[in-house]
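By convention in this document, chain letters (A, B, ...) are assigned in the order of the sequence lines, proteins followed by strands, and residues within each chain are numbered from 1.
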Number of protein chains: 2
Amino acid sequence: MEPFRFHNPTTLYYGKGQIEKHLADEVLKIGRRVLLLYGGGSIKRFGLYDKVMNILKDAGVTVFELGGVEPNPRLTTVYKGIEMCRQNDIDLILAVGGGSVLDCGKAIAMGVKFDGDVWDIYQRKAQATGALPLGTILTHAATGSEMNAGGVITNWETKEKLGAGSPYTYPVFSFCDPENTFTVPRDQTVYGICDMLAHCFEHYFHSTRHAPLQKHLIEAVMRTIVEYAKRVVDNPTDYDARETIMYCSTMALNGMISMGIVGDWACHAMEHEVSAIYDIPHGGGLAILFPHWMEYVKSTDPSRFASLAKSVFLVDGTGKSDEELADIAIEKVREFYREIGAPQRLRDYGIGDDQLERMAAQAVRFGEIGHFRKLGKEDVLNILRASL
Amino acid sequence: MEPFRFHNPTTLYYGKGQIEKHLADEVLKIGRRVLLLYGGGSIKRFGLYDKVMNILKDAGVTVFELGGVEPNPRLTTVYKGIEMCRQNDIDLILAVGGGSVLDCGKAIAMGVKFDGDVWDIYQRKAQATGALPLGTILTHAATGSEMNAGGVITNWETKEKLGAGSPYTYPVFSFCDPENTFTVPRDQTVYGICDMLAHCFEHYFHSTRHAPLQKHLIEAVMRTIVEYAKRVVDNPTDYDARETIMYCSTMALNGMISMGIVGDWACHAMEHEVSAIYDIPHGGGLAILFPHWMEYVKSTDPSRFASLAKSVFLVDGTGKSDEELADIAIEKVREFYREIGAPQRLRDYGIGDDQLERMAAQAVRFGEIGHFRKLGKEDVLNILRASL
């Protein structure tokens, strides 16, 4: 494996009843002026808003609110949040929602402590210089944002969707209660599963010479996702299934299964360009792109795909070549997406070929993408075309 | 899974060259007065002592030294360390060695900030009230102490060996360079492997109703240990193998594969009683006890053992009952220990039956032990007798 430094300071609370028991203490450790950040209002419909507000008020916390964070959170909302934090001398941002709300919280947190335009950090023109403390209450299993430092923001004016992070943007604490995901709609549940599985794929197709434990750990998460995905999609209030899928999403991207490896991340880079223009769900875009990326790069190392077939989809490899198993693995991945009802092609979102050139050019604007196989503009175009 | 709180604040550095690049910075973040703690002097023979001293001196750090920490570290050494820290106004304890040195460092760190006898914390009469910062440089893959809060200390006068920990005793930083384990003798390498595998067993035989991802994660670590153990024992300077085994030992006991589960830990409790009296290597004791414990408790849940056979030892389960697979799993465990040259019976250490009663009584002095199956004094006696 590569030499690495690992430090994940997030305090993670999992399970029923943890918010009631520990939220007030965690908030009061940091301060008494809180910016409550949330999305489209589902937390109001399903009672979480009231629960959190009551806990905060009982604890003597002054709450400022910023709702309406978009599914692909926008830079304009980030600017608004930064302004609110500065004007109201906020001690802690409490992001209640899915990955988008959490990512927006991270951008605001960095922006408050940055002397300049926070978008420069996402454009890789500057580095974060600090961040306001961020706490989170997760309501959707997908991005792993509850226990990592990264986040993705969309600049709707320039049609750019970029990720950034810093050692400052790990949430100080995160509460993950599976019951808070019971009301996530079927489609969103599916997209979340596609997203967490994609994180595993990005790790799994790494470019590191020797990392056998990481391989098995990533397979453990993928296998569990595959085992529980259909169950949670079909039975949204199945506690065990929701808990397992939620925990998979946290473990898929908190760094614990990917220490010392350099993941691929080409599909994420490509998907960001698609959803920057078409505003499609991130998980949906990933489910469309991955099988086509796999077809395109499988010859680089068929044995990696063969392992995927055997260890995750439990295919009996006896008498089969790695190339045959690679094809089986890709078919299993397609089958998995089909079974849970994920989209198959870009045209499912009404996307045609008119912006492919632009997306491909944007995808490689910082250089080639991917580590398992390096992709240039033509490669990206080929994969996008195949995904239409 | 059980509701849980997880927080592991250790900054972990892995790989060649990390000490040279980052040790000085990590030390200077904390202070300039360091207690360097080490064991029997192997770090002097193999050059690590000089390397560390040079880095510290170049950084302008004042170093105080406490060498000679015992393999089962003794309370008397802990007292000595506490005294040295207090007299010399130490900012940071830097423990360079294996688990014993690190555990001793944790005890000293807690003791310095405790108004009373630190042994009270190990006896569960008191809780830690703080700790001096501890940094570590690991030279032996075994205990996982480099990234957890626990440690075990032996009171040689009372023949008690007890573990304790607190949120304060996570190392602030730990450096794990596989090359620093190249010179670990064959026996110690074997004991280390037995110890890390035992940690996995303790997690795997948990009493938690539903924890599928944890199951697969623990299997991932066990499978990797089994794959690489023989290789590292036979080729002590095989970098990839040393790295993999070292990384397995960290992951086996840093909490990342065991969130939300209640492990068994009966074998650890029993082994502590054996080595408190006979001062045998912890890993050796565990290798002796585990197969007998497994025989004794297998009827509690044969399916758990069946999974062990299939997922870790890759046994084809077709047409076999869980009970049959359980027997196969236990035989595979025995075979594994035999192949790497681990001890098989207590008599290999010259231990007879004269102290069994005393050990059994001590093992259950805080109540029944174990969670997969609760064991009383008679159960412990039966297992110890079978292990003779």
Proximity breakdown for [X] and chain A, heavy-atom pairs closer than 4.5 Å:
X: M147(B); answer: side chain
X: M1(B); answer: both
X: Y228(B); answer: side chain

Whether over 12 other heavy atoms sit under 6.0 Å from Q127(B) CD: no
Which heavy atom of M196(B) sits nearest to which heavy atom of I225(B), and what is that distance? CG-CD1, 3.6 Å
For each of F173(B), Y14(B), Y13(B), tally heavy-atom pairs with chain A at distances under 4.5 Å, and name the one with the top tally. Y14(B)
Going by atom types alone, do T224(A) and Y247(A) pair a side-chain donor with an acceptor below 3.5 Å? no
With K113(A) as the cation and Y168(A) as the aromatic partner, state whether NZ or CZ is under 6.0 Å from the six-membered ring centre and within 45° of the axis. no
Under 3.5 Å donor-acceptor, N148(A) side chain and L253(A) backbone: yes
Looking at S145(A), is its backbone amide N or carbonyl O close enough to the side chain of K106(A) to form a donor-acceptor pair, meaning the two atoms are under 3.5 Å apart? yes
Does the distance from a Lys or Arg side-chain N to an Asp or Glu carboxylate O, for R242(B) and E179(B), drop under 4.0 Å? no
Between [X] and chain B, which part of the residue has a heavy atom less than 4.5 Å away: side chain, backbone, both or neither?
X: T10(A); value: backbone
X: N8(A); value: backbone
X: F175(A); value: neither

Check against side chain to side chain donor-acceptor pair (under 3.5 Å), E146(B) and T136(B): CA-CA 6 Å; E146(B) 66 277 12; T136(B) 89; over 6 Å; no
Which residues in residues 209-219 of chain A have a heavy atom less than 4.5 Å from any heavy atom of chain B? R209(A), H210(A), P212(A), L213(A), Q214(A), H216(A), L217(A)
Are Y204(B) and F372(B) an aromatic pair by the rule of ring centers under 6.0 Å? no
